[in-house]
Undergrad: 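If you scroll down you'll find the structure; I have some questions about it.
If you're wondering where the values come from, they're calculated on a predicted model, not measured in any experiment. Throughout, protein chains are lettered first and strands after them, A, B, ... in sequence-line order, and every chain is numbered starting at 1.
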Amino acid sequence: MAWEIVNIIAVAAFAFSGAIVALSERYDIFGVFILGLAPPFVGGIARNIFLQIDVVHVWEQGMFLYVALGTIAVVYFFPKSWVMFWDRWNVYLDAIGLSAFAVQGAMFALEAELPFGAVVFSAIITGVGGGVARDVLAQRRPMVLHKEIYAVWAMMAGVLLALGLVDYQSTVQLYALFGAT
Amino acid sequence: MAWEIVNIIAVAAFAFSGAIVALSERYDIFGVFILGLAPPFVGGIARNIFLQIDVVHVWEQGMFLYVALGTIAVVYFFPKSWVMFWDRWNVYLDAIGLSAFAVQGAMFALEAELPFGAVVFSAIITGVGGGVARDVLAQRRPMVLHKEIYAVWAMMAGVLLALGLVDYQSTVQLYALFGAT
Amino acid sequence: MAWEIVNIIAVAAFAFSGAIVALSERYDIFGVFILGLAPPFVGGIARNIFLQIDVVHVWEQGMFLYVALGTIAVVYFFPKSWVMFWDRWNVYLDAIGLSAFAVQGAMFALEAELPFGAVVFSAIITGVGGGVARDVLAQRRPMVLHKEIYAVWAMMAGVLLALGLVDYQSTVQLYALFGAT
């Protein structure tokens, strides 16, 4: 439940970052919604396609979808100066989403009892996929590949979970991990 | 049958736009064919992968493939000045392909009796996927996200169909919808 | 067995080219590893997803994965001047990887007894996919689409195999094909 709240914050942060990027690239309303939805959902969908398990579709994600749509709608009416301001802080929003999703990806693979390599892979794809999709659609260089050494920590989180050093059922440790990244 | 003709026009328009973009980016013959084939076929393939249904492969699409290849071959021998001319009008070619494919995507999801969200999603992916793939491969900012408010109408078409406001078996209404977008 | 060695060389060449591109774009260590792993593995994974057969995951590819990771690690410690030097020769590294993977993709489809169109498609996706993924992630125009007329030869290799002009069990002919491309 409490972990659910972290997830909602991560979805909102990712949707926020996507909408801001779209606005600062002067995309239209359609572009703002597509770029806002890409970061929180593409990572998970890509992971499921790669792992060839059932895709949980965007329209089945209930509350997460409404949180994302609500965030994008709010950002869309931001004045221009706010957009410029937030675009500079985007790397932090991205780091929040990335680390929460990387941990979620690792947990997902662990619960499916996949091997070590799959846990690392799942953590990377789930965490990184959305932000990369946003940056490619905005024709920017993917932030995670040159600006965010954070990403390495997200990967580490996956590795730690995979090694069983962190008990993934212990919520306290999850928060510690999340705080550290 | 008559709807088939609209589809063939859409495939030709999309193949035309891809080949023009490749030529104006000075891509070689291989690039021209890849960028010409991407717009008409990537949207449908991406939709099928996302929805995890059987992919109808490019080489199984018979007449559509020949129409696309023929269009690309013709464009390849255009003089340079024609290419510059058409590149400016590309947004209209894109709008033709986009709206026809969005309607086709929505019909596809309706026939498979998928829920409302899936119909909207299918209309967007089928209509937008190809053009985005073309623009990413050409390292341009995806036209649909910043220039084409048309895309929103294509999405609307999907929504209308999903709501059952338009009877998708009525060919007349399909043309009206297509004309409107 | 001897064909295995060609494959290892191709994996190393592709990983090398990805790491060099990442370094010359000043990506961080995470970016270098992602861009190094993308060329040798994305093509095969994309082909398997498109053909809807079981994906052989990156972490299951044993020796090939170690070869790629080793190559990337070595490149990461190159002095800056070497990187600039190799970036200019990248087109040759790319051609090695591309032609070996295109032949491998065609053989793969032939062994699965897929139709002619699928063999051509498989050769193109397997050969071209990785390099395109690398260039999109680096925000460069895909090299294969404008610089490498080699790619057409790789495609030809697939076509030749598909037509049965070359017996794919004859290793000698495979080398000849590989040498020619």
Side-chain angles (χ1 to χ4, degrees), chain A residues 18-66 68-69 72-73 75-76 83 125 129-130 132-142, chain B residues 21 25 43 45-53 55 91 94-95 98-99 102 105-106 109 112 114-129 131-159 162 181:
Chain A
I20 287 288
V21 167
L23 283 174
S24 68
E25 297 283 336
R26 296 176 185 239
Y27 281 7
D28 59 28
I29 185 170
F30 184 72
V32 172
F33 272 86
I34 295 288
L35 257 78
L37 289 174
F41 298 113
V42 167
I45 291 176
R47 178 199 60 211
N48 291 8
I49 290 175
F50 277 124
L51 296 180
Q52 299 188 306
I53 53 178
D54 278 354
V55 170
V56 180
H57 293 293
V58 171
W59 62 88
E60 289 164 0
Q61 305 204 342
M63 188 169 41
F64 293 128
L65 181 57
Y66 299 130
L69 289 176
I72 299 166
V75 172
Y76 187 69
V83 170
I125 294 285
V132 168
R134 177 199 61 212
D135 291 340
V136 166
L137 287 176
Q139 287 290 298
R140 296 184 169 188
R141 295 163 70 205
Chain B
V21 167
E25 297 283 336
I45 292 176
R47 177 198 60 211
N48 291 10
I49 290 175
F50 277 123
L51 296 180
Q52 298 188 307
I53 54 178
V55 170
V91 70
D94 211 56
L98 195 155
S99 48
L114 295 173
F116 176 73
V119 176
V120 177
F121 182 83
S122 175
I124 295 178
I125 294 285
T126 316
V128 168
V132 168
R134 177 198 61 211
D135 292 339
V136 166
L137 288 176
Q139 288 289 299
R140 297 185 168 186
R141 296 163 68 206
M143 200 190 279
V144 73
L145 298 178
H146 65 109
K147 257 194 189 167
E148 281 185 303
I149 202 65
Y150 299 98
V152 179
W153 305 127
M155 190 171 58
M156 293 297 177
V159 176
T181 54

Undergrad: With A:V42, which residues qualify under side chain to side chain contact (heavy atoms under 4.5 Å, CB included), at least two apart?
TA: A:A38, A:A133
Undergrad: Using every non-hydrogen atom in the two residues, find where B:L145 and A:Y27 come nearest and quote the distance to one decimal.
TA: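 Taking every non-hydrogen atom into account, O-CB, 3.2 Å.
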Undergrad: Does any heavy atom of chain A fall under 4.5 Å from the side chain of B:V132, the backbone, both, or neither of them?
TA: side chain
Undergrad: Of all residues at least two apart in sequence or in a different chain, which pass the side chain to side chain contact (heavy atoms under 4.5 Å, CB included) check with A:Y66?
TA: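 Here no residue qualifies.
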Undergrad: Checking heavy atoms, do the side chain of A:L137, its backbone, both or neither come under 4.5 Å from chain B?
TA: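 Answer is both: backbone and side chain atoms of A:L137 are under 4.5 Å from chain B.
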Undergrad: Find the distance between CD (A:Q139) and CZ (B:R140) and round it off to the nearest 0.5 Å.
TA: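 Nearest 0.5 Å value for the CD-CZ distance: 10.5 Å.
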